[in-house]
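Worksheet: the structure to be examined is printed underneath.
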Amino acid sequence: MTDPQLPLFAAEAAAPRVATGRPSAAPFAAWAATAEAVRATRARREKGRLVATYLASLDDPGGAVAARWFAGAPFAEADARTLRIGRATLWPALAALAGVERERIAERRLALGSTAAVAGELLAGRRGAGLSLGDVHWAFEAIAAARHAAGREALVRALLAAASGAEAGVLVALLGGGLRIGLLAAQVEDAIAAAAAVALDAVRDAHALSGDLGEVFRRARAGTLAETVFAIGRPVGFMLAQPKPTPDAVAAALDAPFVLEAKYDGIRAQLHVQDNAVRLFSRTREDLTPAFPDLVRAGRALGAGLVLDGEVIAVRPDDPARIAPFRHLQPRLGRTAPAAALLREIPVAFVAFDALAVGGERIALAPWRERRSALEEHVPLDVAAPIRLAPFRWASDAATVIEAFTAARATGHEGLVAKDPDASYAAGRRGGRWLKLKAAAATLDVVVTAAERGNGRRAAVLSDLTFAVRASDTDDTLLDVGKAYTGLTDAELVALTATLESLVRERRGGWQRVEPAVVLEVTFDLVQASPRHASGYALRFPRIVRWRMDKPVSEIDTLSRVRALAGDGWM
DNA sequence: CGATGTTGGCC
DNA sequence: ATTATGG
DNA sequence: CCATAATGGCCAACATCG
């Protein structure tokens, strides 16, 4: 169907891609049917079994793409390309194909909760042209390479026109950025291990190293998983920390003595130094290098064969030893060619807290103590250097954790990370060997002023709540200060929806303004000045603590309290 | 040309 | 990032 | 305990609009 010619490989230079073999002629319909069967069951083992059975049935090496797609994305994590397809492209394409108005799409989207479900409904009964895995693969390649939205829409339309009704639903889900069948990378790893009869650990390790489930599947079947190489310049999966609610929980979860480090409020990054070539990668393996030429310059001085794990933070221009909050770093993110003035105004540092390779040798499997020694040999302790060593301290009890936490907060850090000194680096996993502890937040009592219907499984409830505070003790004007969607149970959301429906004042699609009567207690990590809401403030990581049925609107918090909670200056 | 809309990626 | 949910 | 879904706020890039 699509032309497997020139544009398909045009983007190759940007990010080296791993070959997955010749495109497969295997029917896409079987993949789509498997995805639907996975969606239909909630049993995790059954989902895994379905995927494993399907993967085992593929005899064509080009079928590797099938493994990738089950994780919900059209491309591998190691692949920097995106499709740039959203509702602006999907809705007109669907409307044209189904021969209905755009309004009808919007209406059904609201009722069904996802554009994928709308596609399945509107295109139901279509026979399809017998798409193969290879056809879909080429279509994704072509869409990613298409520069203009019109070109992408034409490609999407051609793809969907060739799809059966059953295929259209999953295709739209993949195109729109999420399969949502209750299956992600971790489950696909299980299925690959089962389908190829290899050890799960080997599959996980290969995935962490390659960032491509397609390659992992192909190698698992070829018996060459162990040949997945660690290479400097190629990002590895990050080891993540598990959240803990209290210092006691941290102390209880780790054997004494354990390690405490600051939790830096920046962006996690992996620094690769290979001769003169320095690269920085994000947690999702995006290439951050272009945004940080200052760190690249500093990295060249470290010596080759190094892979460091750490955090990029903003530092104060007047004193680079002191850290700046996350909002200062934000304008430096995503830049492809940052101006010299920006580099000056917002200086950054890479705070190294782990070493995955030194002298060209992978040391990720060694315990933290040994990795830390290696790190200290390669990174200066200088607290003002652009690439600097993260300090740490030993702790054996909760009291020490509390003390370190207080000190970290006073310095401007988010909190602490606690680590097991004997643990190896668990690439790509969030295990119990690293723990994080953040600040116990203040709460605000607010009133709901507007609500919006949710997506997917929340399509039937008003799950997205906009809330306000009073202007002052003497002025009852309500000023919006944020939105939240998490914290209430499903049952509470259902009950809340009924109440909010009785309070409707104005309705626009799935959105509605309501009489201010529902009082919520909300929490957050931070209050920040923002033009987003009428109050002039917004919340970082807002979540609902509880529905305050006992509290009248006349007693909710005021703008002055919000102002008092807002971070200001360098903190 | 600047403003706006869409998408993607950080936390 | 976060919380709720269910295997 | 683990994996997954659904979603906040900020910001940059890029295409398109006016």
Side-chain angles (χ1 to χ4, degrees), chain A residues 39 41-48 71-72 80-90 113-114 146-152 176-190 240 242-243 253 263-269 282-288 290-291 311-313 325-338 342 414 429-432 436 438 441 452-459 461 463-467 481-493 522-533 537-545:
Chain A
R39 195 191 59 73
T41 176
R42 284 209 289 209
R44 285 224 303 257
R45 296 171 71 93
E46 174 67 3
K47 285 174 188 284
R81 294 172 304 165
T82 60
L83 294 179
R84 287 171 301 160
I85 296 290
R87 71 173 52 173
T89 307
L90 280 173
S114 76
R147 207 176 158 71
H148 299 280
R152 291 197 296 276
L179 212 46
R180 288 156 214 244
I181 57 172
L183 189 85
L184 288 173
Q187 286 276 91
V188 180
E189 288 173 347
D190 280 351
L240 304 174
Q242 202 171 77
K263 184 177 190 304
Y264 298 89
D265 196 7
I267 64 167
R268 187 78 180 273
S282 78
R283 217 150 84 57
T284 57
R285 302 175 193 248
E286 296 294 315
D287 189 357
L288 303 172
E311 189 102 352
V312 175
I313 57 168
F326 184 74
R327 67 188 151 83
H328 289 257
L329 182 60
Q330 271 175 325
R332 291 253 349 226
L333 304 180
R335 298 271 180 177
T336 51
L342 186 68
E414 264 197 292
R429 317 225 75 90
R430 189 186 298 275
K436 62 178 170 182
K438 293 179 64 164
E452 195 169 358
R453 298 263 287 280
N455 298 300
R457 68 179 187 207
R458 288 181 161 189
V461 287
S463 61
D464 194 348
L465 311 171
T466 303
F467 48 78
V481 70
K483 293 172 80 179
Y485 59 89
T486 187
L488 295 177
T489 64
D490 287 358
E492 285 172 318
L493 276 180
V522 297
T523 189
F524 42 84
D525 277 18
L526 200 71
V527 178
Q528 54 208 337
S530 159
R532 173 167 292 258
H533 300 293
Y537 294 93
L539 311 178
R540 186 187 192 192
F541 304 141
R543 58 255 194 206
I544 300 161
V545 178

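Below, all heavy atoms of this structure are taken into account, side chains as well, without hydrogens, waters or symmetry copies. In what follows, chains are A, B, ... by sequence order, proteins preceding strands, each numbered from 1.
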Notebook entry, point to check: Checking side-chain contact (heavy atoms from CB on, under 4.5 Å) against A:I544, which of A:L465, A:T523, A:L493 comes through?
Noted result: A:L465

Margin query: Any side-chain N or O of A:R543 below 4.0 angstrom from OP1/OP2 of C:dT3?
Written below: yes

Check: Can you list the residues that meet the side-chain contact (heavy atoms from CB on, under 4.5 Å) rule with A:N455, with sequence neighbours excluded?
Finding: A:R109

Next item on the list: Go through D:dA5, C:dA1, C:dA4 for me and flag the one nearest to the A:L184 side chain.
Entry: D:dA5

Notebook entry, point to check: If you round to the nearest 0.5 Å, how far is CZ of A:F467 from CG of A:L539?
Noted result: 5.0 Å

Checklist line | Selected nucleotide, minimal atom distance to A:P331 side chain, candidates C:dT5, D:dA5, D:dA12 | finding: D:dA12

Notebook entry, point to check: Nearest to the side chain of A:R180 - C:dA1, D:dA6, D:dG8?
Noted result: D:dA6

Checklist line | Side-chain N,O (A:R44) to OP1/OP2 (D:dA3) below 4.0 Å | finding: no

Checklist line | A:R268 with A:E286: basic N within carboxylate O range, under 4.0 Å | finding: no

Item checked: Between P of D:dA5 and CZ of A:R42, the distance in whole Å -> 13 Å

Notebook entry, point to check: Roughly, in whole Å, what's the span from CZ in A:R453 to P in D:dA6?
Noted result: 15 Å

Note to self: Quick check: on DNA chain D, is the nucleotide nearest A:P531 upstream (toward 5') of the one nearest A:R147, or the reverse? Name the residue that is more 5'.
What the structure shows: A:P531

Margin query: Across nucleotides 3-11 of chain B, 5' to 3', mark each nucleotide with B, S or - according to how protein heavy atoms within less than 4.0 Å reach it.
Written below: ---SSSSSB

Checklist line | Lys/Arg-Asp/Glu bridge criterion (N-O < 4.0 Å) met for A:R540, A:D265 | finding: yes

Margin query: At less than 4.0 Å, is any side-chain N or O atom of A:H533 found next to OP1 or OP2 of D:dG9? Yes or no.
Written below: yes

Check: Does a side-chain N or O from A:T336 land closer than 4.0 Å to OP1 or OP2 of D:dA13, or not?
Finding: yes

Check: How would you label the contact of A:D490 with the nucleic acid (heavy atoms, under 4.0 Å): base, sugar-phosphate, or nothing?
Finding: sugar-phosphate

Item checked: Audit row: A:R283, A:L240, side chain to side chain contact (heavy atoms under 4.5 Å, CB included) steps and yes/no -> CA-CA 9 Å; A:R283 217 150 84 57; A:L240 304 174; 3.3 Å; yes

Notebook entry, point to check: Taking all non-hydrogen atoms of both residues, which atom of A:R84 and which atom of A:R152 are closest, and how far apart?
Noted result: O-NE, 3.0 Å

Next item on the list: Determine the contact category for A:G178: base if any of its heavy atoms lies under 4.0 Å from a base atom, sugar-phosphate if only primed atoms, P, OP1 or OP2 are that close, otherwise nothing.
Entry: nothing

Next item on the list: Report the distance from atom CD of A:E46 to atom P of D:dT4, rounded to the nearest whole Å.
Entry: 16 Å

Check: Within this structure, what is the CG-to-C1' distance between A:L342 and D:dC11, rounded to whole angstrom?
Finding: 12 Å

Check: Mapping A:L240 and A:G487 onto DNA chain C by nearest heavy atom, which one lands closer to the 5' end?
Finding: A:L240

Item checked: Closest to the A:R458 side chain, choosing from D:dA6, D:dG9, C:dT5 -> D:dA6

Next item on the list: Rounded to the nearest angstrom, tell me the gap between atom CZ in A:R532 and atom C1' in D:dG9.
Entry: 5 Å

Item checked: C1'-based separation of B:dG8 from C:dA1 [nearest Å] -> 16 Å

Next item on the list: Please figure out whether A:R430 or A:E452 has its closest DNA chain D nucleotide nearer the 5' end.
Entry: A:R430

Notebook entry, point to check: Between atom CD1 in A:I544 and atom P in D:dG8, what is the gap in whole Å?
Noted result: 11 Å

Margin query: Please classify the nucleic acid contact of A:I181 as base, sugar-phosphate, or nothing, using heavy-atom distances under 4.0 Å.
Written below: sugar-phosphate

Check: Is any side-chain nitrogen or oxygen of A:K483 closer than 4.0 Å to OP1 or OP2 of D:dC10?
Finding: no

Margin query: Without decimals, in angstroms, what is the distance between A:R45 CZ and D:dT4 P?
Written below: 15 Å

Margin query: Nearest 0.5 angstrom please: A:R327 CZ to A:L526 CG, how far?
Written below: 8.0 Å

Checklist line | Candidate list A:R458, A:K483, A:R453, test salt bridge (charged side-chain N to carboxylate O under 4.0 Å, His left out), partner A:D464, passing option | finding: A:K483

Note to self: Without decimals, in angstroms, what is the distance between A:L539 CG and D:dG9 P?
What the structure shows: 7 Å

